[in-house]
Number of protein chains: 2
Amino acid sequence: MSEATLGAMPFRVDNCSIERTLAVVGEKWTFLVLREAFGGVRRFADMQAATGAPRQVLSARLARLVDEGLLRKVPYREPGQRRRDEYRLTEMGRDLYPIMVALMHWGDRYRSGSDGPPVLLTHRDCGAPVEQHFRCAEGHEVAGPREVTPLPGPGARPAAPAAAPDRTTGAGPDGPPPHGGDTP
Amino acid sequence: MSEATLGAMPFRVDNCSIERTLAVVGEKWTFLVLREAFGGVRRFADMQAATGAPRQVLSARLARLVDEGLLRKVPYREPGQRRRDEYRLTEMGRDLYPIMVALMHWGDRYRSGSDGPPVLLTHRDCGAPVEQHFRCAEGHEVAGPREVTPLPGPGARPAAPAAAPDRTTGAGPDGPPPHGGDTP
DNA sequence: GAGCTAAGTCTATTTGACAGACTTAGATGA
DNA sequence: TCATCTAAGTCTGTCAAATAGACTTAGCTC
């Protein structure tokens, strides 16, 4: 996380959580594997068919996700066949759900064309569409980035003495940036 | 979106919104550019310094994001210098905010180590930490994937006659898959 | 041992990232 | 007019990863 990310904050945060997450999942094939895992697909061949990933890529991604703790292997054996492993989400893996939903919703809104969304996520108990919302710990609704203030957390690190020039203050035709100076 | 994604649903959804979103943003450098854009970073050199992206990669990503409508160019001119362009988020770009927050929160939880999160997103008006929640259109809280049912939406397409084998029903040591059969 | 099936692994080719160097496009001043 | 400057690219050769297609592996069954 850059200095500029925190505007005039006297801290530099380059150990960015976003970047850490991206180091694990920040590329297409991994997301598609996770998408399938959330859908209950567990076997290599099914993953391969569903994602279209080249075998070598899929093999590498699955191994990586197991290594990082997002998936785990579970042995299975079809009658008359050898023992094999399936891949299942761990709790850590399941906690990627908000990311997957957010990706889907953005695509629904901006990339589904005149057809509309192919899948609707509905509340199991009442059938109404599911939405994502921001709320603060005090219970207030938070509408979006403009109502959010990023502050240094416990993992923040001190900045170098020379702060970067602040080039975010030019309120142009669209007003100030989403945040009063930064990151999501 | 694969058949298996919808379990026993007689529909196949391969025009997946997630995949469409990933086609635009599904790789590390693009996410990092967006992270900076949300933080108010607008200029090439600042983006480059903040993300560490090789120039050629950055240039290509910026051009792509402008082309896709997530960023737009705004001319600026420092005194004594030539006219140049900055890059700013469009509304479409800003609507990626939930994805960025979700990426951050996952990283906060699972990848920030003993230091804890470097950045805390707080509610501007009261200072309490901001959280993401699921809620249905009827106003019910939805706790996570197990309370979500994916249904075909207007953009769903009919399946091929032969449904794929259902291999998600084996309730193993961790119970059924996150969804009763599917995608986020 | 032969045949089978699913999960990989291998190989040559193509594509994209990368580091470093170089170019471009206006503004300014002599 | 030309030299200088600055920021935003673009170029080039090298390395890494994706890709398509083929091949191998590991148990089970007969």
Side-chain angles (χ1 to χ4, degrees), chain A residues 2 4 19 22-33 36-37 40-68 71-88 164-168 170, chain B residues 2 4 19 22-33 36-37 40-68 71-88 164-168 170:
Chain A
S2 66
E19 198 157 347
L22 292 175
V24 181
V25 301
E27 64 79 38
K28 172 180 133 182
W29 295 120
T30 301
F31 277 121
L32 291 180
V33 167
E36 295 309 323
V41 179
R42 296 169 168 158
R43 300 184 183 183
F44 189 94
D46 296 335
M47 286 274 184
Q48 212 255 329
T51 60
R55 286 207 226 285
Q56 186 171 340
V57 170
L58 179 57
S59 179
R61 294 297 184 280
L62 289 169
R64 180 75 193 283
L65 288 168
V66 169
D67 194 47
E68 293 282 353
L71 293 180
R72 62 193 168 87
K73 288 187 183 181
V74 179
Y76 77 97
R77 188 169 153 281
E78 296 280 352
Q81 299 210 18
R82 53 175 281 199
R83 231 195 53 175
R84 290 193 165 95
D85 292 324
E86 297 182 328
Y87 297 86
R88 295 189 186 185
D166 183 4
R167 293 195 184 111
T168 64
Chain B
S2 66
E19 197 156 346
L22 293 173
V24 181
V25 302
E27 65 80 38
K28 173 178 131 182
W29 294 120
T30 301
F31 277 121
L32 290 179
V33 168
E36 295 308 324
V41 178
R42 295 171 170 156
R43 300 183 182 183
F44 189 95
D46 295 335
M47 287 275 183
Q48 212 257 330
T51 60
R55 286 205 222 287
Q56 186 171 337
V57 169
L58 181 57
S59 179
R61 294 298 183 280
L62 288 169
R64 179 75 192 283
L65 288 168
V66 168
D67 194 48
E68 293 283 350
L71 292 180
R72 62 194 168 85
K73 289 187 181 180
V74 179
Y76 76 96
R77 189 169 155 284
E78 295 280 350
Q81 299 208 19
R82 52 175 281 202
R83 227 194 58 172
R84 290 193 167 93
D85 292 325
E86 298 182 325
Y87 297 86
R88 295 192 188 183
D166 183 3
R167 295 200 185 109
T168 63

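Order of the sequence lines fixes the chain letters, A, B, ..., with proteins taken first and strands second; residue numbering starts at 1 for each chain.
In this model, the phosphate group of D/dG9 is approached by a side-chain N or O of B/Tyr87 to a distance below 4.0 Å at OP1 or OP2. Dashed line: the shortest gap from a side-chain N or O of A/Tyr76 to OP1 or OP2 of C/dT5 is not under 4.0 Å. OP1 or OP2 of C/dA17 sits under 4.0 Å from a side-chain N or O of B/Arg61. Side-chain N/O atoms of A/Ser59 include none lying less than 4.0 angstrom from OP1 or OP2 on C/dA7.
To the nearest angstrom, P of D/dG9 lies 13 Å from CG of B/Asp46. In this structure, NZ of A/Lys28 is placed 13 Å from P of C/dA17, rounded to the nearest angstrom. Distance, B/Trp29 CH2 to C/dT15 C1': 18 Å, rounded to whole Å. Spacing between atom CG of B/Asp85 and atom P of C/dT24 amounts to 19 Å, rounded to whole angstrom units. Going from atom CZ of B/Arg64 over to atom P of C/dG16 covers 11 Å, rounded to whole Å. Across the protein-nucleic acid pair, A/Leu58 atom CG and C/dA7 atom C1' stand 10 Å apart, rounded to whole Å. The nearest whole Å value for the distance from the CD atom in A/Glu86 to the C1' atom in C/dG8 is 16 Å.
Rounding to the nearest 0.5 Å gives a distance of 9.5 Å between CZ of B/Arg64 and CD of B/Glu27.
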What string of B, S and - do you get for nucleotides 20-30 of chain D, 5' to 3', if B is base contact, S is sugar-phosphate-only contact and - is no contact with any protein heavy atom under 4.0 Å? B-B---BSSS-
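Side-chain atoms of B/Glu86 do not come within 3.5 Å of backbone N or O of B/Pro75 as any donor-acceptor pair. Checking side-chain atoms of B/Gln48 against main-chain N and O of B/Pro54 turns up no donor-acceptor pair under 3.5 Å.
Minimum interatomic distance between A/Leu58 and A/Met47 (heavy atoms only, all atoms of both residues): CD2-CB, 3.8 Å. When every heavy atom of A/Arg77 is checked against every heavy atom of A/Arg82, the shortest pair comes out as CG-O, 3.5 Å. Between B/Leu65 and B/Thr30, the shortest heavy-atom contact is CD2-CG2, 3.7 Å.
The only member of A/Arg83, A/Gln81, A/Arg42, A/Arg43 that meets side-chain contact (heavy atoms from CB on, under 4.5 Å) when paired with A/Tyr76 is A/Arg43.
Among the nucleotides D/dG9, D/dA8, C/dA7, the one closest to the side chain of B/Arg43 is D/dA8.
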